[in-house]
Amino acid sequence: MPIVAMSAEADWVSRFADEVIAEAERRAPGEPIVCASGLSPSGPIHLGNLREVMTPHLVADEIRRRGHEVVHIISWDDYDRFRKVPAGVDSSWSEHIGKPLTSVPAPPGSAYPNWAEHFKAPMIAALAELGIEFRGISQTAQYTSGVYREQILFAMRERERIDAILDRYRTKDKPAAKQQQKLDETDAAAAQAAAEGSGAAGEDDGKAAAGYFPYKPYCSVCERDLTTVTAYDDDTTELSYTCACGHSETVRLAEHDRGKLVWKVDWPMRWAFEGVVFEPSGVDHSSPGSSFVVGGQIVKEVFGADQPIGPMYAFVGISGMAKMSSSKGAVPTPADALEIMEAPLLRWLYARRRPNQSFKIAFDQEIQRLYDEWDALHRKIGDGTALPADVAAHGRAVGTASGPLPVTPRPLPYRTLASIVDVTTGHDEQTLRILRDLDPEHPITSLDEVRPRLDRAERWITTQVPAEQRTRVRDEPATDILGSLGEGDRESLRLLLAGLGEHWSLDGLTSLVYGVPKIQAGLAPDAKPTPELKVAQREFFALVYRLLVGRDTGPRLPTLLLAVGADRVRELLGG
RNA sequence: GGGCCGCUAGCUCAAUGGCAGAGCUGCGGACUUUUAAUCCGUAGGUUCAGGGUUCGAGUCCCUGGCGGCCCA
């Protein structure tokens, strides 16, 4: 049986890898291939932004699998200005608007030294869990240490040419009235924020009354970027600016490290500086005059380098996020997703769809179906019936060139685990007891066998499932119901209670609960069900559900009974 | 007004220019089956429309339609 490894590479990732390798050979033979992502830690880095990282990660990983040297850069745009105070943060933070993100205090209660670090940290942790290797580059560190000195002086010398390029796309309203971003906290915010992935689309491009300057200093007194360059001398590199705070001064750009190139120049400068061959961007960069389009001209005409291969990626949506997010004033992040699903599943969601396809990440019941699909795919991989594209996506999900990601040794269905922790409310002993009885042939002896999936399911149940869909076992017997029961119902409960002791196992209770209506109908316990009997069984189940959980339905009865415990069952059923 | 992307089974999506395929849903069957239990089987198509290139087009080109998004 020949291995079909070749066909496994027939997916979008592989195609980009082909293209990137060929282009890298042409541009810089023998050099490590550079793939890049840009993230702005201006707020929670969410699941839309993860696509900014996952897309080059998957491509870089494929390139590495093929034996090429490759580096995945994540550029932290933490020297960008603080644009607005997000909902939920004290309005006094507005005094920091205009400062670099690394100069803004972290939100109250944070353990991190500044705003940018506060939001970078959980993303870094999530990337580690996802098996994403990268080299992080802080733009604050780069700019303030003068790494870009030559590039900045060069861009200033070439400012007229840059201005001319930008001018091709400027329309009547010059420095467009930007800001005014929607402040929706709904799902729209997730999509909206995704647009900010690698820098704001509508940023000030550097046009000022005194001419065009691609460099914007941060004020040396108030630290904000409310500055206007008033003069620049190419020979002395003396740059004069005034600030809205009243400060004005003249600095020598050749030794000034408190400012940055405007975004539309900054981005192409870094393409050239790092030799980036692959860097995706959000769909908002696809219009004429966008950073990516303009950047492509600037990098070529000014910096003399090539634009990266840059697919546009579509939005990542969320389905059914519980209230949690809106109260936090935040959209779900990779860390949030990893609380309810394992890393390979999350990787799979990004690997199976081409970047230009939008998709949703399920925080609602859909996650159960998704997990079923994932498990089914795993089985099909095992028996060789999976489609090539599915094989490829699966392979990229479960591991990287560095090796496989952690797995759950006994991957029980997610819906089963969720249902169990629902009724046991996370009580480990009860959970283990039920799990042990699930498959007597191969009993589960430790919760570790079903972890981490069990923990994810538990987290999902407790944080995402609405209370009305949870199972809540009654605290007190439903005396009103018990008091109004007819003789038939009373007898059925007596029969059930009488059999509890000797049938206390999943199988035992299964035959007991189905058997009670049979005995009542005068049938043998192993009798074949008739339509009438099925109705009687259903009615009996509903009665027990009402008495135990106050509703007509619930988790399968044997499971529920085991979870509730014999004593409590007797109490609630009036025994 | 300009641009980017998409349009394939009821739904979500596959398919190097080479026999249009999966999953879910539906339907049928098995199971003593219960918040969407599981297994087996099966149906399902004018690939948005029209034109062009080609031995051959879901795929490439042109025109139009619809949808999403971005810029204005």
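Naming convention: chains lettered A, B, ... in sequence-line order (proteins, then strands); numbering from 1 in each chain. Computed from a predicted model, the values in this text were never measured in an experiment.
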> Side-chain N or O of Arg15(A) less than 4.0 angstrom from OP1 or OP2 on A15(B)?
Replying inline: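 True: Arg15(A) side-chain N/O within range (under 4.0 Å) of A15(B) OP1/OP2.
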
> According to a strict under-4.0 Å criterion, is Arg369(A) in side-chain N/O contact with OP1 or OP2 of C11(B)?
Replying inline: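 For Arg369(A), the contact criterion (side-chain N or O under 4.0 Å from OP1 or OP2 of C11(B)) is not met.
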
> Relative to the 5' end of RNA chain B, which residue comes earlier, Ser419(A) or Phe359(A), by the nucleotide with the nearest heavy atom?
Replying inline: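 By nearest-heavy-atom nucleotide position, the 5'-most residue is Phe359(A).
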
> Is the ring centre of Tyr350(A) less than 6.0 Å from the ring centre of Tyr313(A)?
Replying inline: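 Judged by ring-centre distance (under 6.0 Å), Tyr350(A) and Tyr313(A) do not meet the cut-off.
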
When you compare the protein's N or O atoms with those of nucleotides 37-40 of chain B, which come within less than 3.5 Å of each other, and at what distance?
none

With [X], which residues qualify under salt bridge (Lys or Arg N to Asp or Glu O under 4.0 Å), at least two apart?
X: Lys360(A); answer: none
X: Asp306(A); answer: Arg26(A), Arg27(A), Lys300(A)
X: Arg494(A); answer: Glu487(A)
X: Asp163(A); answer: Arg170(A), Lys207(A)

> Where the side chain of Ser511(A) is defined as all heavy atoms beyond and including C-beta, which of C5(B), U34(B), U32(B) is the nearest nucleotide?
Replying inline: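 Nucleotide nearest to Ser511(A)'s side chain: U32(B).
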
>> The criterion is side-chain contact (heavy atoms from CB on, under 4.5 Å); which residues satisfy it with Asn356(A), sequence neighbours excluded?
In response: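 By the side-chain contact (heavy atoms from CB on, under 4.5 Å) rule, Asn356(A) matches Arg354(A).
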
> Asp61(A): what forms a side-chain contact (heavy atoms from CB on, under 4.5 Å) with it, not counting sequence neighbours?
Replying inline: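 side-chain contact (heavy atoms from CB on, under 4.5 Å) list for Asp61(A), sorted by chain: His57(A), Arg64(A), Arg65(A), Thr400(A), Ala401(A).
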
>> With side-chain hydrogen bond (donor to acceptor under 3.5 Å, both in side chains) as the rule and sequence neighbours excluded, what pairs involving residues 541-551 of chain A come up?
In response: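 Every side-chain hydrogen bond (donor to acceptor under 3.5 Å, both in side chains) pair that includes a residue of residues 541-551 of chain A, provided the two are not neighbours, is Arg546(A)-Asp552(A).
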
>> Show me, range against range, the stems involving RNA chain B, built from at least 3 consecutive Watson-Crick or G-U pairs below 3.5 Å.
In response: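 Looking at RNA chain B, the stems formed by three or more consecutive pairs are B:1-7 with B:65-71, B:10-13 with B:21-24, B:26-30 with B:38-42, B:48-52 with B:60-64.
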
